[in-house]
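Beneath this line is the structure, given in structure tokens, with notes to follow.
In each ligand, atom 1 is the first atom listed, and ligand 1 is the first ligand listed.
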Amino acid sequence: MKGKFIVLEGPDRCGKSTQAKMLVNHLIALGKEVVLTREPGGTPTAEKIRQIVLEPGLDIRPMAELFLYEASRAQHTQEKILPALNEGKIVICERYTMSTCAYQGYGRGIDLNVINTLNQIAALETKPDLTLVFLMSDKYFTERGEYLFSDRLEQENVAFRQKMRSGYLEMIERTPNAYLIDADKNISEIQARVIELLKENHITD
Ligand SMILES: Nc1ncnc2c1ncn2[C@@H]1O[C@H](COP(=O)(O)OP(=O)(O)O)[C@@H](O)[C@H]1O
Ligand SMILES: [Mg+2]
């Protein structure tokens, strides 16, 4: 049987990693086989690309940045995501194609049609069965992290984050099986909502 592909999306510090780990534990307790992974990265080659795109202060032009993300995705999808799905596993991935539209498209202004085409190619037509988009009020951005250790992308400014936020909202509207998660809520409330959405989408019973 084919597996299920769950993607967690949303800006930095909105709780994706926290909820992803909790979801893995929940699914393992239900006896499911689960793979937790992330983008950019997820395989040795893709993690090397991740190091480049996240290096503070490195000069990366928007189009080069886009292709780095897509290179990471192509490797990750072929090497790890598709084989796991073909083995019937549940794959939980932090960030996927929607992040590229949000950052490189809505954020940096690269044509969304170009990005969607590259996304499809790199994802080998793989589409999430469920996309959970975590969005929180901007005030929590500083509360939930230390600026001191921010990587290159976390140093983007408030206006950039606002552009991405409206981009994510638009994408939720036109993406099948995509849901907004109110990331202002506390960790256990969010977890309960995530578990509910898995049931509603027939990923768990
Ligand atoms: N619902 C929440 N309420 C308050 N703090 C949270 C919540 N979810 C996560 N955090 C905290 O916020 C920080 C960022 O969370 P994290 O899961 O790493 O976000 P992301 O993976 O989206 O960048 C962590 O310190 C985490 O413990
Ligand atoms: Mg994270």
Side-chain angles (χ1 to χ4, degrees), residues 5-28 34-44 46-56 65 68-69 72-73 75-77 80-81 90-108 128 130-169 171-172 175 178-198:
F5 187 29
I6 303 173
V7 172
L8 280 65
E9 290 279 5
D12 281 310
R13 301 177 195 177
C14 58
K16 298 182 297 300
S17 298
T18 304
Q19 292 297 330
K21 285 187 202 102
M22 292 168 76
L23 184 55
V24 167
N25 292 335
H26 170 77
L27 291 169
I28 287 172
V34 190
V35 172
L36 175 62
T37 189
R38 67 172 180 185
E39 289 211 343
T43 73
E47 287 290 331
K48 285 199 171 174
I49 300 170
R50 179 188 177 94
Q51 285 172 12
I52 298 171
V53 287
L54 298 184
E55 186 179 320
E65 186 185 44
L68 285 169
Y69 280 110
S72 165
R73 176 162 306 132
Q75 181 73 32
H76 182 214
T77 304
K80 188 169 177 182
I81 296 173
I90 298 179
V91 176
I92 299 171
C93 187
E94 292 181 48
R95 298 188 175 285
Y96 201 57
T97 49
M98 204 183 260
S99 282
T100 314
C101 292
Y103 282 76
Q104 279 64 52
Y106 291 96
R108 303 211 195 283
L130 180 65
T131 304
L132 305 173
V133 183
F134 292 69
L135 291 176
M136 66 179 179
S137 311
D138 206 62
K139 61 179 179 179
Y140 291 122
F141 183 77
T142 39
E143 265 177 41
R144 292 186 189 176
E146 276 297 329
Y147 271 110
L148 197 59
F149 300 108
S150 290
D151 64 31
R152 196 175 63 86
L153 293 178
E154 290 191 341
Q155 290 162 4
E156 305 283 4
N157 61 23
V158 181
F160 186 87
R161 293 203 294 276
Q162 282 304 328
K163 271 196 275 184
M164 284 199 308
R165 185 187 172 83
S166 49
Y168 276 119
L169 290 172
M171 288 188 283
I172 291 169
T175 307
Y179 298 86
L180 171 65
I181 302 284
D182 178 0
D184 286 359
K185 294 195 167 155
N186 71 44
I187 289 174
S188 51
E189 282 174 314
I190 296 171
Q191 191 197 20
R193 179 66 183 139
V194 169
I195 288 171
E196 190 177 75
L197 284 170
L198 261 74

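Taking every non-hydrogen atom of Asp12 and a distance limit under 4.0 Å, the qualifying atoms of ligand 1 come out as 23 (O).
No side-chain donor from either of Thr131 and Tyr96 sits under 3.5 Å from a side-chain acceptor of the other. Between the side chains of Tyr69 and Arg95, no donor N or O sits under 3.5 Å from an acceptor N or O. Checking Ser72 against Glu39 by side-chain atom types alone, no donor-acceptor pair falls below 3.5 Å.
For atom 14 (C) of ligand 1, the choice among Glu94, Met136, Lys21, Arg13 with the nearest heavy atom turns out to be Arg13. Of the options Gln191, Glu189, Arg38, Lys185, the smallest heavy-atom separation from atom 1 (N) of ligand 1 is shown by Lys185.
With salt bridges taken as basic N to acidic carboxylate O contacts below 4.0 Å, one links Arg38 and Glu47.
Partners of Gln162 by side-chain hydrogen bond (donor to acceptor under 3.5 Å, both in side chains), not counting sequence neighbours: none found.
At least one N/O-N/O distance between Lys16 and ligand 1 falls below 3.5 Å. Residue contacts with ligand 1: Asn186 is placed with no nitrogen or oxygen under 3.5 Å of a nitrogen or oxygen of the ligand (distance criterion only).
If you look at the Mg ion (ligand 2), the protein N, O or S atoms less than 2.8 Å from it are Ser17 OG.
If you look at Ile190 next to ligand 1, the close heavy atoms, those under 4.0 Å, all belong to the side chain.
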